[in-house]
Number of protein chains: 2
Amino acid sequence: MATIEDVAREAGVSISTVSYALSGKRSITEDTRRRVLEVAQRLGYAPKAAARALAARRSSIIAVTTPLHADTDQTAHMAFAMAVTRAARDHDYDTLLLVHDDALEGMRRSAATSLADGIVVLDVAARDPRADLARELACPVVFIGLPADPEGLICVDLDFEAATRQALDVLRAAGHRTVGLLAQPEDVLARESNYPMRIERAFHRHADELGLSAVVVRPEPAAPARAIETLLDDHPDVSVITVGMTPDPGRPPLPYDAFPLDPGLTCPVAVDLLVRMVDGAVAPAGVTLVPPVQVTRGSVVPVSRRAEVQ
Amino acid sequence: MATIEDVAREAGVSISTVSYALSGKRSITEDTRRRVLEVAQRLGYAPKAAARALAARRSSIIAVTTPLHADTDQTAHMAFAMAVTRAARDHDYDTLLLVHDDALEGMRRSAATSLADGIVVLDVAARDPRADLARELACPVVFIGLPADPEGLICVDLDFEAATRQALDVLRAAGHRTVGLLAQPEDVLARESNYPMRIERAFHRHADELGLSAVVVRPEPAAPARAIETLLDDHPDVSVITVGMTPDPGRPPLPYDAFPLDPGLTCPVAVDLLVRMVDGAVAPAGVTLVPPVQVTRGSVVPVSRRAEVQ
DNA sequence: CTGTTAGCGCTTTCAC
DNA sequence: GTGAAAGCGCTAACAG
């Protein structure tokens, strides 16, 4: 394991020159810079993470908490964790995985030991204990998702309201006059982050604004399919848009138009924010809503052309 | 952020005493030990990870590579990553997540910079480039899964052969004389780690040994259900056992008897092995097969009682 | 049982 | 543009 000293000696310069040549934090004669780089390369030199972290007072590591509620979509979690990891790498950060069992302990520990420079919280629940912890931790924390009370927190989430409104706009533009919402079951409403409620509210309000007649169908946890059947019984020819579903990177997407909850959209924003705070920027406590992006797959059919589609 | 020096001063001892009092690496008078602990507690002291890592030449971090093949079960990956994380915590290690995009680069980097003390490789493919890299890396690596050529590698996997044999034993004991194997599609066989082949081989061999007549049905990638129908057409009353399926922690298990590929079984073994190597134990290059554990859910019905079950 | 001290390998002033 | 040197905060000999 070559050290910076080996490189310095071999290149005939001081260690600070090596450090600067590699970090680019001060100007170096092009000639010596190349020489240093060449030697470093030849010796297979790479700065030790621990030494660098100790001296720079920064670990370049972001911790990620991913609780695993028994009923929550695991695949989505993985997608988010990976998206965060990817975004973090773009800023030269690595990500540490914290397990649910002791999310709180994990957050405390990584803050207290300076293991991580910041924390990203995933799968945020409405009443999430990590929210309170975050408020008292002297360590930057960003939530991906919105707890019931985001006061004093930094949160990033999809703009579900906008997505819902735009979905209605699309349906309306296609000539529909009745819109249905396949809502979340009661039990999910209670536990989950508040986005289902945000969707429902936006749905009703905007349907009103557009003069659409609005129908909400709420599945029973026991027989989820029943709700859909009910909807289809009344309206056999229906256009469909999904709002806030996370695409499964492993499977072909459902054939519906969508305003997806795309990890690739929210996670980079969250990581950007976090990195900026680590770099000492003032904490812009508040909620960042990421604008939705529509995905079209042909499940919205203009009313006028419905006959042809059959 | 209190340092070890603050604690030492406040407790009226030397810093080494503080260090040892906290690590327990040498005996300390019960009295001073308590005093040190009390002060540490009061000051909210926690050893900085970077300083500790630099001095101890050990980061207490394990890196985890989790490629995300488009077609592989994401949920399972998450379960494995979490199981590794949990097992690592039991040894006071944290886990770093490496992304697929540059699994190789990530492994190289965490080894070269001593970011991680060891690496766990998940979702091992038959011909996995990470296998070659592992052989040349001066860093302990453990594979969870078996590549085609495990030469010189340390691998942990479920004993699929044993699971298959035991499944046949169970069926045989229930009075069955014909056994069917719902095999993997060709395309999976080619890419995936070699466990499907191990299952098939063990299936044929042991069926022979037991004098059972063996039928293999291989689904077409395009129409997977067809294979099952074929099987059921010939044998409408069938007992079922699954081998090597990873239970989805988020959903109720399929109602079949099973010899599951349980992350909770393999991951702790792999982490134990890895930690031992980090601690300097000689690398026991080789394959560790974890014995399968049967889960009974009533899908195996004794032939003699079949009529009643209807 | 406890204290002293020499590093661990970098980053970053501070001088030149 | 470059070098010398002072830490960063801890662990682990080594010496009592």
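We name chains A, B, ... by the order of the sequence lines, and we start the count at 1 in each one.
- Side-chain contact between A:R35 and A:V13 is present, with heavy atoms from C-beta onward closer than 4.5 Å.
- Side chains of B:Y195 and B:L261 form no contact here, defined as non-hydrogen atoms less than 4.5 Å apart.
- In this structure, A:R42 places its CZ atom where more than 12 heavy-atom neighbours from other residues, nucleotides or ligands lie under 6.0 Å away.
- Taking 4.5 Å as the limit, every side-chain heavy atom of A:I62 sits out of range of all side-chain heavy atoms of A:T85.
- Side chain to side chain, A:S19 and A:S16 fail the donor-acceptor criterion of an N or O pair below 3.5 Å.
- With a heavy-atom cut-off of 4.0 Å to chain B, the contacted part of DNA chain D has its first and last nucleotide at D:dG9 to D:dC14.
- B:E30 has a carboxylate O that lies under 4.0 Å from a charged side-chain N of B:R33, or vice versa, which qualifies the two as a salt bridge.
- The end-to-end axis angle of the helix from C:dC1-D:dG16 to C:dC16-D:dG1, rounded to 10 degrees and based on five pairs per end, is 30°.
- Of the residues in residues 39-61 of chain A, those with a non-hydrogen atom less than 4.0 angstrom from any atom of DNA chain D are A:L54, A:A55, A:R57.
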Give every donor-acceptor pair under 3.5 Å between a side-chain atom in residues 51-60 of chain B and any protein atom, sequence neighbours left out.
| from | atom 1 | to | atom 2 | distance (Å) |
| --- | --- | --- | --- | --- |
| B:R58 | NH1 | B:D279 | OD1 | 2.7 |
| B:R58 | NH2 | B:V278 | O | 3.4 |
| B:S59 | OG | B:I61 | N | 3.2 |
| B:S59 | OG | B:L115 | O | 2.9 |
| B:S59 | OG | B:D117 | OD1 | 3.2 |

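- Contacts between residues 16-26 of chain A and DNA chain D, counted as heavy-atom distances below 4.0 Å, involve A:S16, A:T17, A:R26.
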Can I get a per-line list of side-chain donor-acceptor pairs under 3.5 Å for residues 134-159 of chain B, giving both atom names and the distance, sequence neighbours left out?
| from | atom 1 | to | atom 2 | distance (Å) |
| --- | --- | --- | --- | --- |
| B:R135 | NH1 | B:D149 | O | 3.3 |
| B:R135 | NH1 | B:E151 | O | 2.5 |
| B:R135 | NH2 | B:D132 | OD1 | 3.2 |
| B:D149 | OD1 | B:E151 | N | 3.0 |
| B:D157 | OD2 | B:R198 | NH2 | 2.5 |
| B:D159 | OD1 | B:E161 | N | 3.4 |
| B:D159 | OD1 | B:A162 | N | 3.0 |

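- Between the side chain of A:T3 and the main chain of A:E5, a donor-acceptor pair closer than 3.5 Å is present.
- For the pair B:D31 CG and C:dC1 C1', the computed distance is 13 Å after rounding to whole Å.
- When side chains are defined from C-beta on, B:F80 does not count as touching B:V120, because their heavy atoms never get closer than 4.5 Å.
- Side-chain contact between A:T95 and A:R89 is absent, with no heavy-atom pair separated by less than 4.5 Å.
- For B:E38, the CD atom sits in a packed shell: over 12 heavy atoms of surrounding residues, nucleotides or ligands are nearer than 6.0 Å.
- The phosphate of C:dG9 has neither OP1 nor OP2 within less than 4.0 Å of any side-chain N or O from A:T3.
- The shortest side-chain heavy-atom distance between A:L104 and A:P129 falls under the 4.5 Å cut-off.
- Toward the 5' end of DNA chain C, the nearer of the two residues B:S27 and A:I15, judged by each one's closest nucleotide, is B:S27.
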